**Q** 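Dumping the structure here so I can ask a few things about it.
Note that these values count all heavy atoms, side chains included, but never hydrogens, waters or copies made by symmetry. This one's a predicted model, so the numbers in the text were calculated from it and none came from an experiment.
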Amino acid sequence: MAIEKRYPEAIFDWHADHGDRTLVIDGDRLLDIARLLKEEMGYNVLVDLTAVDYLPRKPRFEIVYHFMNLETKARLRLRAQSDDEHPLVPSLTPLWPIADWYEREVWDLFGVKFDGHPNLKRIMLYEEFKGHPLRKDYSKTKRQPLVGPQN
């Protein structure tokens with residue numbers, strides 16, 4: 001595959017199950033690999049993106065991207081690994097505008113920042129909410145500030 005030949009140092013692992021390929025990559029090379037997928041390999045749809053918190057494993061976070069080539073119907077999953085307490089990966093909004101909403105959701109719930117995102121703010125929770133509730137170290141008993149109507 002062209003990705004392994006072009007960026008061999010950025011590919012940590014790969015496998016294929018049920019016709020879908022998965023690549024585990026260095027999050028720092030995400031933008032380069034995503035650009036290759038779109039501009040040279042025909043993956044023209046960013047179907048979804050989400051994150052997984054693997055605490056206590058290091059690296060702790062993986063940001064998972066699902067791409068599709070509408071012409072060939074090929075699908076590809078990228079799992080971009082990012083560092084522990086302050087995960088950061090490049091934003092894919094310059095390549096796929098729909099990434100704007102997906103990245104905001106991942107930031108809101110997991111605290112993953114997307115470098116270059118045009119408007120990274122909460123989308124699921126209110127602005128006064130403290131923390132990111134889908135992180136494994138977020139306390140289920142944590143109280144949040146009371147906001148909204150007073151009566």
Side-chain angles (χ1 to χ4, degrees), residues 3 7 9-15 17-18 20-39 41-70 73-151:
I3 299 171
Y7 303 106
E9 76 289 349
I11 309 297
F12 298 144
D13 193 15
W14 71 272
H15 64 270
D17 291 321
H18 309 290
D20 293 342
R21 292 181 49 92
T22 299
L23 297 173
V24 181
I25 66 168
D26 180 354
D28 293 338
R29 302 304 301 268
L30 173 64
L31 194 55
D32 296 330
I33 293 171
R35 185 172 287 117
L36 173 70
L37 289 174
K38 182 171 186 177
E39 296 175 357
M41 299 178 68
Y43 286 91
N44 47 3
V45 178
L46 172 61
V47 178
D48 192 20
L49 83 91
T50 188
V52 181
D53 182 354
Y54 286 105
L55 185 72
R57 190 191 81 178
K58 293 187 183 272
R60 176 177 171 178
F61 291 98
E62 284 188 353
I63 299 82
V64 183
Y65 300 84
H66 295 98
F67 298 97
M68 184 169 188
N69 179 325
L70 288 178
K73 310 298 185 220
R75 295 182 293 180
L76 178 71
R77 178 181 307 114
L78 291 183
R79 294 173 29 201
Q81 295 184 333
S82 187
D83 209 350
D84 299 335
E85 286 306 312
H86 305 288
L88 175 71
V89 292
S91 174
L92 294 189
T93 55
L95 297 172
W96 288 278
I98 190 64
D100 183 346
W101 292 77
Y102 295 146
E103 290 173 352
R104 284 177 60 188
E105 180 181 14
V106 168
W107 178 82
D108 196 2
L109 300 176
F110 286 95
V112 175
K113 289 191 174 181
F114 294 89
D115 190 28
H117 190 283
N119 187 23
L120 196 59
K121 63 180 185 179
R122 292 203 182 269
I123 191 170
M124 306 288 283
L125 302 167
Y126 51 95
E127 289 297 325
E128 294 82 5
F129 195 94
K130 305 290 185 205
H132 306 283
L134 291 186
R135 284 186 171 207
K136 286 187 174 178
D137 57 358
Y138 183 85
S139 173
K140 65 181 178 183
T141 60
K142 185 173 183 173
R143 303 283 301 186
Q144 291 291 325
L146 181 61
V147 296
Q150 297 300 315
N151 54 16

**Q** Does NE2 belonging to His86 count more than 12 external heavy atoms closer than 6.0 Å?
**A**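 Incorrect, the count does not exceed 12.
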
**Q** Would you mind reporting whether Asp17 and Thr22 have side-chain heavy atoms less than 4.5 Å apart?
**A**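 No, too far: nothing below the 4.5 Å cut-off.
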
**Q** Ignoring hydrogens, what is the shortest heavy-atom contact between Tyr43 and Arg75? Give both atom names and the distance.
**A**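 Shortest heavy-atom contact: CE2-C, 4.1 Å.
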
**Q** Would a 4.5 Å heavy-atom cut-off, applied to side chains only, mark Ile63 and Leu49 as touching?
**A** yes

**Q** Salt bridge (charged side-chain N to carboxylate O under 4.0 Å, His left out) between Arg60 and Asp137: does it pass, once the steps are laid out?
**A** CA-CA 11 Å; Arg60 176 177 171 178; Asp137 57 358; 3.0 Å; yes

**Q** Counting C-beta onward and ignoring hydrogens, is there a side-chain heavy-atom pair between Arg29 and Glu9 closer than 4.5 Å?
**A**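 Yes. Closest side-chain heavy atoms under 4.5 Å.
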
**Q** For Trp107, does the six-membered ring have the charged nitrogen or CZ of Arg104 within the cation-pi criterion, i.e. under 6.0 angstrom from the centroid and within 45° of the normal?
**A**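 So Arg104 doesn't make the cation-pi contact.
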
**Q** For Lys58, is the NZ atom crowded, meaning more than 12 foreign heavy atoms sit under 6.0 Å from it?
**A** no

**Q** With ring centroids as reference points, do Trp96 and Tyr102 lie under 6.0 angstrom apart?
**A** no

**Q** Are Tyr65 and Leu92 packed together at the side-chain level, in the sense that at least one heavy-atom pair is separated by less than 4.5 angstrom?
**A** yes

**Q** Of all the heavy-atom pairs spanning Gly111 and Arg135, show the shortest one and how long it is.
**A** O-NH2, 3.6 Å

**Q** Search all heavy atoms of Gln81 against all heavy atoms of Val24 and return the closest pair with its distance.
**A** NE2-CG1, 3.6 Å

**Q** Give the minimum heavy-atom separation between Gly116 and Thr93, together with the two atoms involved.
**A**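 Minimum heavy-atom separation between Gly116 and Thr93: O-OG1, 4.2 Å.
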
**Q** Could you tell me whether a side-chain N or O of His117 sits under 3.5 Å from a main-chain N or O of Asp100, the two making a donor and an acceptor?
**A**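 The answer is yes, because a donor-acceptor pair under 3.5 Å joins these two groups.
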
**Q** Between Tyr54 and Arg57, is there a cation-pi geometry (under 6.0 Å to ring centre, at most 45° from the normal)?
**A** yes

**Q** Just so I know, are the side chains of Leu36 and Met41 near enough to count as touching, which here means a heavy-atom distance under 4.5 Å?
**A**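 Yes. Closest side-chain heavy atoms under 4.5 Å.
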
**Q** Kindly give the heavy-atom pair with the smallest separation between Ala10 and Ile33, and that separation in Å.
**A**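 Closest pair (atom of Ala10, atom of Ile33, distance): CB-CD1, 4.1 Å.
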
**Q** Would you give the length of the straight line joining atom CD1 of Ile25 to atom CD1 of Ile3, rounded to the nearest 0.5 angstrom?
**A**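 Interatomic distance, Ile25 CD1 to Ile3 CD1, rounded to 0.5 Å: 8.0 Å.
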
**Q** So, Ser82 side chain and Phe61 main chain: donor-acceptor pair closer than 3.5 Å or not?
**A** no

**Q** Among Arg122, Lys121, Lys113, find the residue that satisfies the salt bridge (Lys or Arg N to Asp or Glu O under 4.0 Å) test when tested with Asp108.
**A**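 For Asp108, the salt bridge (Lys or Arg N to Asp or Glu O under 4.0 Å) test succeeds with only one of Arg122, Lys121, Lys113, which is Arg122.
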
**Q** List the atom of Asp53, the atom of Phe110, and the distance in Å for their closest heavy-atom pair.
**A**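 Between these two residues, the closest heavy atoms are N-CE2, 4.1 Å.
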
**Q** Could you tell me whether the side chain of Leu95 reaches within less than 4.5 Å of the side chain of Glu39, counting heavy atoms only?
**A** yes

**Q** Spell out, as yes or no, whether a donor-acceptor pair under 3.5 Å connects the side chain of Lys38 to the backbone of Arg35.
**A** no

**Q** To the nearest 0.5 Å, what is the distance between CG on Asp115 and CD on Glu103?
**A**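 Here the interatomic distance stands at 10.5 Å.
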
**Q** Is the backbone of Leu70 close enough, under 3.5 Å, to the side chain of Asn44 for a donor and an acceptor to pair up by distance?
**A**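 Looks like yes, one N/O pair under 3.5 Å.
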
**Q** Going from CE on Met68 to CG on Asp20, what distance comes out if it is rounded to the nearest 0.5 angstrom?
**A** 9.5 Å

**Q** Hey, which of Trp14, Tyr7, Phe12 is the one that makes side chain to side chain contact (heavy atoms under 4.5 Å, CB included) with Leu23?
**A** Trp14

**Q** Is there side-chain contact between Val52 and Val64, with heavy atoms separated by less than 4.5 Å?
**A**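 SC-SC contact between Val52 and Val64 confirmed.
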
**Q** Are Val89 and Asp28 close enough that some pair of their side-chain heavy atoms sits under 4.5 Å apart?
**A** no

**Q** Please check this pair: side chain of Asp48 against backbone of His66, looking for a donor-acceptor N/O pair closer than 3.5 Å.
**A** no

